[in-house]
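Just so it is clear, the values below take in all heavy atoms, side chains as well, and ignore hydrogens, waters and symmetry mates. Numbering of ligands and ligand atoms starts at 1, following listing order.
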Amino acid sequence: MLSGVIRPQRRVLEMNGNVLDIVGLKKYFELKKDRLFSKPKYVRAVDGVTFSVGEREVFGLVGETGCGKTTIGRLVVRLERPTEGSIFFQGTDIAGLAGGELKKFRRKMQMIFQDPYASLNPRMTVSQWVVEPLRNYQMGTPEEMADRTLKALEDAGLRPVEEYLERFPHELSGGERQRVSIARALVVDPAFIVADEPVSMLDVSIRAGVMQLLLGLREKYGMAFILITHDISVARYMSDRMAVMYLGKIVEMADTEGVIKEPLHPYTRALIKAVPVADPTRERTPLPLTGEMPSALERPSGCVFRTRCVYATDICAEREPSLVEVKDGHMCACHLVERGEI
Ligand code: SF4
C-alpha cells in the first residue's frame with residue numbers, strides 16, 4: 001500500500017507486558033512529480049520495522065543521519081501517520097487512529113526534541129510552557145496544575161524552582177532549556193517518552209547530567225524510553241536494548257552489551273570501530289566500510305548495505321537478508337552472518 005494510509009480501526013494485541021509493539025512499520029513519503037503523467041516516486045524513510053519496548057525499558061535506536069530513526073520516533077508518538085504497519089501501545093493499535101480516538105492516547109506518549117533552542121516557545125515563560133499541556137488535557141484544578149508543574153520542574157532538576165518560573169527561554173542555558181522540555185513531557189505523567197538526540201546539542205560537560213536525569217526519571221516515574229541517537233556511546237550508556245538502523249531498516253538488534261561487545265552486522269562493527277578512544281598508543285586500522293550512505297530514493301537491490309560493505313558477494317545484490325535470530329535474542333540481517341561465514 002504505497003499511496004494510501006491506514007484507515008482508523010481498533011486492533012488489540014493480547015497484553016504481553018510491553019508498552020509498545022511495533023509491527024511491520026513503514027513510512028513512505030511521496031515526492032512531488034516533476035511531470036503531470038510521470039509515476040510517483042517515494043522515499044522509503046522507514047521500511048518494515050518490527051520491535052518491542054518493555055515496561056521501564058530504555059530502547060536505543062542508533063544510526064547515521066537519514067537512516068529513519070527520527071521518523072520512527074515521530075510515527076510512534078503519532079506526529080506522522082504510518083503508510084503501513086501497526087503501533088500497539090499497551091495492546092491497542094494506534095497506527096490508524098485520528099481525532100478524539102488518538103487524543104485519548106496522546107497524553108501517554110511524549111517526545112523530547114533534539115534542539116533545546118528551537119523546541120521552546122520564546123514568548124512563553126517556563127511556567128506557562130510547562131503548564132500548557134495540563135490545560136490542553138484539562139488535567140485537574142488550577143491548584144493541582146500548579147502543583148504538578150512545580151513537581152515536574154523540580155524532578156527535571158530545575159531547583160530552586162521559584163527562580164525558573166518566570167524566566168523566558170533566552171534567559172536559560174542549553175542544559176536548562178532541555179530540562180524545561182523534559183519537565184513539559186513529564187508533567188502529563190506519560191507511559192513512555194521518545195527522546196530524539198536529547199544530549200547531542202549540549203556541551204559535553206552537561207551531557208552526563210542530562211543522561212543521568214533521564215535514567216533517574218525512568219525509575220521514579222516507571223516509564224519507558226525510546227532513545228534516538230547517532231552516538232553509539234550514548235546508546236551504550238543509557239539503553240537496555242538497542243537496534244541499529246540503516247536506510248530505513250533494522251540491521252541488528254539485541255541487548256546493548258551484546259551489540260557493543262559482540263557486534264555481528266558489518267555496519268555495526270564499523271560504527272563501533274569509529275568511536276574515538278583516548279589512547280594515542282592504539283593502532284588505527286581502516287574502517288570496514290566504504291563510501292557514503294546512498295539516497296533513500298536510489299536504494300541498492302538486495303541488502304541495503306551492500307554498496308558500502310567490504311564483505312559483499314553476489315547473493316547480497318540478489319536477495320534481501322531478513323532480520324533473524326542468530327543467537328539468544330541477538331538478531332541480525334546479513335546473509336554471511338546467518339551462514340556463519342563472517
Ligand atoms: Fe554485507 Fe552482504 Fe551482509 Fe549485506 S548481506 S551486510 S552486503 S555481507
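Ion pair Asp47/Arg299 flagged as a salt bridge, since at least one NZ, NE, NH1 or NH2 atom sits closer than 4.0 Å to an Asp/Glu carboxylate oxygen. In summary, Glu64 and Arg308 engage in a salt bridge, as defined by a charged side-chain N under 4.0 Å from a carboxylate O. Salt-bridge formation is not detected for the pair Arg207/Asp203: no Lys NZ or Arg NE/NH1/NH2 atom is positioned less than 4.0 Å from an Asp or Glu carboxylate oxygen. Using a 4.0 Å cut-off between charged nitrogen and carboxylate oxygen, Glu57 and Arg241 count as a salt-bridge pair.
Within the cation-pi definition used here (under 6.0 Å to the ring centroid, within 45° of the axis), Lys27 qualifies as a partner of Phe29.
Looking at Thr313 and Arg306, their side chains never bring a donor and an acceptor atom within 3.5 Å of each other.
Protein atoms of type N/O/S that fall under 2.8 Å from atom 3 (Fe) of ligand 1 number 1 in this view.
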